[in-house]
Amino acid sequence: MRVVLVAVISLDGCLTRHHDEGASWASAADKQHFASALADADVYLMGSTTYTEARDNIRKRLDSGHRRIIITRTPEKYEHDTVRGQLEFTSDTPHQIADRMRADGHRRCAVLGGGEIYNLFLGSGVVYEMQLTLEPRVFGDGKRLAGASTAIDPKLSLTKVDHLSDDTLLLTYRRSE
Ligand SMILES: NC(=O)c1ccc[n+]([C@@H]2O[C@H](COP(=O)([O-])OP(=O)(O)OC[C@H]3O[C@@H](n4cnc5c(N)ncnc54)[C@H](OP(=O)(O)O)[C@@H]3O)[C@@H](O)[C@H]2O)c1
């Protein structure tokens, strides 16, 4: 079972354009890549802030055959949203979640953000691969790739560079320790 982190960032490491929610600022080329990364995974992991922003869309697509795990310190708050096997809420650690997904027979978990959850997973050592789209944008202000109060320093190796378009790069990193 592999845990793969998928994110799109500006050249200055922003996940969001200023204080706007979401990643609608990303290019069509990234959106195509993101759709194929979603299709490749059978589990999606995200933080409660990203979930709350995308809640209506996520709930519309619950029968897609994927399992969504939302990370929150207060899973009991989301009891009414829970659909067992499709939309679940947990305060488990990344290792506990990965172990549970492995035991349940899943093969690929996509970590979909946002910044706090990227920080949590990159700091935990469970991420096998990071797929980072780099857009030719500079925002100066916005949520950062691994923005949280916890300092981390994972060791990664660049394994692949793809041009998603003339302007947009896809950088693939693997854990190197
Ligand atoms: N560019 C991209 O690729 C991309 C991807 C995804 C999201 N985004 C954007 O990023 C923004 C959200 O990022 P964010 O950093 O603010 O929020 P986030 O990572 O989506 O979620 C943060 C929440 O995760 C929970 N959490 C964090 N650490 C935890 C821990 N150790 N244990 C249990 N739960 C924990 C907490 O939920 P509770 O408060 O419920 O306890 C926390 O409030 C959004 O604007 C979103 O649109 C961009």
Side-chain angles (χ1 to χ4, degrees), residues 1-9 15-16 21-24 26-55 57-72 78 81-135 143-148 152 154 156-160 162 164 168-175:
M1 210 277 307
R2 287 184 169 162
V3 177
V4 176
L5 187 153
V6 183
V8 55
I9 59 166
L15 292 174
T16 63
E21 291 176 353
S24 57
S27 64
D30 174 68
K31 289 186 174 117
Q32 203 176 337
H33 159 68
F34 186 66
S36 100
L38 291 184
D40 283 348
D42 47 4
V43 179
Y44 306 151
L45 308 175
M46 73 192 80
S48 73
T49 305
T50 297
Y51 167 71
T52 301
E53 285 173 8
R55 180 176 182 271
N57 278 334
I58 290 172
R59 289 168 60 84
K60 268 187 231 153
R61 293 180 170 81
L62 281 189
D63 53 2
S64 68
H66 295 89
R67 186 171 179 184
R68 296 149 192 86
I69 308 288
I70 315 302
I71 301 157
T72 170
Y78 298 90
D81 277 13
T82 300
V83 181
R84 193 71 48 216
Q86 295 186 64
L87 178 58
E88 298 165 31
F89 297 81
T90 185
S91 55
D92 285 353
T93 65
H95 278 285
Q96 288 169 327
I97 295 170
D99 287 348
R100 189 151 52 88
M101 294 305 113
R102 190 173 295 112
D104 288 350
H106 293 294
R107 44 171 196 83
R108 195 171 172 95
C109 294
V111 180
L112 302 179
E116 288 189 36
I117 289 320
Y118 292 143
N119 176 296
L120 184 66
F121 275 77
L122 284 169
S124 74
V126 305
V127 173
Y128 163 76
E129 184 173 280
M130 174 159 81
Q131 297 180 0
L132 195 61
T133 300
L134 191 59
E135 296 283 18
K143 296 230 166 138
R144 302 284 161 169
L145 174 62
I152 57 170
L156 301 165
S157 299
L158 180 66
T159 56
K160 207 158 163 253
D162 295 298
L164 295 181
T168 299
L169 287 178
L170 173 62
L171 307 175
T172 303
Y173 296 87
R174 293 255 167 96
R175 190 177 57 222

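Numbering of residues begins at 1 and proceeds along the displayed sequence.
Legend: residues meeting side chain to side chain contact (heavy atoms under 4.5 Å, CB included) with Leu62, ordered by chain and number and at least two apart, are Ile58, Arg68, Val83, Gln86, Leu87. Take His66 and apply the ring pair (Phe, Tyr, Trp, His ring centres under 6.0 Å) test, not counting sequence neighbours, and it matches Tyr44. Partners of Arg107 by side chain to side chain contact (heavy atoms under 4.5 Å, CB included), not counting sequence neighbours, listed by chain and number: Asp42. Phe89 pairs by the ring pair (Phe, Tyr, Trp, His ring centres under 6.0 Å) definition with Tyr51, Tyr78, not counting sequence neighbours. Applying the side chain to side chain donor-acceptor pair (under 3.5 Å) rule to Thr72 yields the partners Thr74; only residues at least two apart in sequence or on another chain are considered. Applying the side chain to side chain donor-acceptor pair (under 3.5 Å) rule to Thr133 yields the partners Asp30; only residues at least two apart in sequence or on another chain are considered. The side chain to side chain donor-acceptor pair (under 3.5 Å) test applied to Asp104 returns Arg67, not counting sequence neighbours. By the side chain to side chain contact (heavy atoms under 4.5 Å, CB included) test, Thr93 pairs with His95, Gln96, sequence neighbours left out. Every residue was checked against the ring pair (Phe, Tyr, Trp, His ring centres under 6.0 Å) condition with Phe34, not counting sequence neighbours, and none meets it. With sequence neighbours left out, Arg175 forms a side chain to side chain donor-acceptor pair (under 3.5 Å) with no residue at all.
With a 4.5 Å cut-off on side-chain heavy atoms, Lys160 and Glu129 do not count as touching. With contacts defined as side-chain heavy-atom distances shorter than 4.5 Å, the pair Leu112/Thr50 does not qualify. In this structure the side chain of Leu171 reaches within 4.5 angstrom of the side chain of Leu134, judged on heavy atoms. Within the 4.5 Å cutoff, the side chain of Ile70 has heavy atoms near those of the Met46 side chain. When side chains are defined from C-beta on, Thr90 counts as touching Arg100, because their heavy atoms get closer than 4.5 Å. Within the 4.5 Å cutoff, the side chain of Ile97 has heavy atoms near those of the Ile71 side chain. Using a 4.5 Å cut-off on side-chain heavy atoms (C-beta onward), Val111 and Val6 make no contact.
Residues Leu145 and Ala7 approach most closely at CD1-CB, 3.9 Å, considering heavy atoms. The shortest heavy-atom contact between Pro154 and Ile152 is CD-C, 3.8 Å.
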Original post:
Are Asp92 and Ile69 close enough, and set up right, to give a side chain to side chain contact (heavy atoms under 4.5 Å, CB included), and what steps lead you there?
Top reply: CA-CA 10 Å; Asp92 285 353; Ile69 308 288; over 6 Å; no
Original post:
Given Ile9 and Leu15, is the side chain to side chain contact (heavy atoms under 4.5 Å, CB included) satisfied, shown in steps?
Top reply: CA-CA 5 Å; Ile9 59 166; Leu15 292 174; 3.9 Å; yes
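Considering SG of Cys109 and CG of Leu5, their distance stands at 12.0 Å, rounded to 0.5 Å.
Listed by first and then second residue, the salt bridge (Lys or Arg N to Asp or Glu O under 4.0 Å) pairs involving residues 44-55 are Arg55-Asp81 (not counting sequence neighbours). Residue pairs meeting the ring pair (Phe, Tyr, Trp, His ring centres under 6.0 Å) criterion with at least one partner in residues 110-133, sequence neighbours excluded, do not occur; the list is empty.
Enclosure of atom CZ in Arg102 by more than 12 non-hydrogen atoms of other residues, nucleotides or ligands within 6.0 angstrom is indicated. The local environment of CZ in Arg2 is sparse, with at most 12 non-hydrogen atoms from other residues, nucleotides or ligands closer than 6.0 Å.
Between the side chain of Thr172 and the backbone N or O of Thr159, no donor-acceptor pair lies under 3.5 Å. Using a distance-only test at 3.5 Å, with no hydrogens or angles considered, no donor-acceptor pair links the side chain of Lys143 to the main chain of Gly22.
Residues Glu135 and Thr168 bring a donor and an acceptor atom of their side chains to less than 3.5 Å of each other.
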